[in-house]
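Everything on this sheet refers to the single structure shown next.
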Number of protein chains: 2
Amino acid sequence: MDAFMQAAIEEARQGLVEGGIPIGSVIVHKGRIIGRGHNRRVQEGSAIKHGEMDAFENAGRQSASVYREAVLYTTLSPCSMCSGAILLYGIPKVVIGENRTFLGEEELLRSRGVQLEVLQDAECVQLMEDFIKAKPELWNEDIGE
Amino acid sequence: MDAFMQAAIEEARQGLVEGGIPIGSVIVHKGRIIGRGHNRRVQEGSAIKHGEMDAFENAGRQSASVYREAVLYTTLSPCSMCSGAILLYGIPKVVIGENRTFLGEEELLRSRGVQLEVLQDAECVQLMEDFIKAKPELWNEDIGE
């Protein structure tokens with residue numbers, strides 16, 4: 001298992017421990033994690049802090065040159081909002097834990113030249129399957145349904 | 001001038017007073033503002049709080065049924081990230097102050113069925129023209145350039 005995806009999964013697990021939705025993300029630049037985060041809808045009553053957004057926020061203000069050499073790791077296929085952030089900052093590559101429980105805007109990202117790698121990682125799938133089964137209403141809220 | 005766009009402009013002006021980027025937004029549901037915000041890149045060192053995102057966050061956790069009847073007002077054409085949030089939550093209508101100084105993802109939004117109204121408001125244009133002239137590096141950072 002890729003160490004960076006492992007870090008994203010650790011973020012997801014931390015979110016679960018906090019009573020939140022288990023989705024985590026890290027942003028990597030030149031082999032170093034510059035931002036990490038997890039979904040904070042429950043913990044902060046946040047409508048915008050998906051895992052990826054939390055990682056962007058945690059990375060802080062970066063120059064365009066940093067984003068353009070960065071790789072974003074996320075345990076789940078990125079939704080419209082997070083995909084939009086990826087496009088805004090010109091992140092060239094996204095590694096996705098799984099897209100079986102939710103398929104985000106992968107087609108849009110690819111059409112804009114973002115390189116995607118989907119791992120279909122069993123641990124990522126299990127985290128989401130268990131959560132969706134346990135708290136379907138929270139999950140639906142998180143994806144605007 | 002539409003009272004809700006006026007409220008968005010007030011948010012933009014508040015951001016400017018704080019030393020920030022003058023872009024504001026309000027989210028309206030059934031004729032009432034349920035969330036308002038402005039760009040907080042400078043004020044909070046935030047990479048994700050564009051005006052629209054700040055308004056979503058300020059509105060808090062809302063049910064899908066509320067978002068689907070809401071109108072988002074923003075002083076500037078929404079970027080990829082903010083457009084993604086609009087799509088995530090299924091906001092059906094967006095009123096845009098201007099798209100002359102920056103053209104966001106209007107084509108994508110329209111292709112997904114979002115109704116757009118562009119006012120080309122002189123005050124919105126002036127706010128951005130003055131700001132971009134005064135602090136071009138901040139503006140470029142905000143749009144990932």
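To find a chain, count down the sequence lines: A is the first, B the second, and so on, and within it residues start at 1.
Below 30°, between 30° and 60°, or above 60°: for A/Phe102 and A/Trp139 the angle between ring planes is above 60°, a perpendicular geometry.
Only the side chain of A/Arg68 comes within contact range of chain B, with at least one heavy atom under 4.5 Å from a heavy atom of that chain. If you measure heavy-atom distances from A/Ser83 to chain B, you find no contacts under 4.5 Å at all. Heavy-atom distances place the side chain of B/Leu108, and not its backbone, under 4.5 Å from chain A. At a 4.5 Å heavy-atom cutoff, B/Ser63 makes no contact with chain A through either its backbone or its side chain. With a 4.5 Å cut-off on non-hydrogen atoms, B/Glu137 does not touch chain A at all. Proximity to chain B (any heavy atom under 4.5 Å) is restricted, for A/Asp142, to the backbone atoms N, CA, C and O. Interface residue A/Phe56: backbone and side-chain heavy atoms are both found under 4.5 Å from chain B.
Between the side chains of B/His29 and B/Gln62, no donor N or O sits under 3.5 Å from an acceptor N or O.
Using a 4.5 Å heavy-atom cutoff, the side chains of B/Ser25 and B/Asp54 are not in contact. Between A/Phe131 and A/Thr101 the shortest side-chain heavy-atom distance does not fall below 4.5 Å.
The pair B/Arg13-B/Glu123 meets the salt-bridge criterion, since a charged nitrogen lies less than 4.0 angstrom from a carboxylate oxygen.
No donor-acceptor distance shorter than 3.5 angstrom exists from the side chain of A/Glu98 to the backbone of A/Val118, with no hydrogens or angles considered.
In terms of heavy-atom pairs under 4.5 angstrom with chain A, the leader among B/Ser46, B/Cys79, B/Gly90 is B/Ser46. Top candidate by heavy-atom pairs under 4.5 Å with chain B, chosen from A/Met53, A/Lys49, A/Arg61, A/Glu44, is A/Arg61. Note: B/Gly45 leads B/Ala59, B/Gly45, B/Gly60 in heavy-atom pairs under 4.5 Å with chain A.
Within a 6.0 Å sphere centred on CD of B/Glu107, heavy atoms belonging to other residues, nucleotides or ligands number 12 at most.
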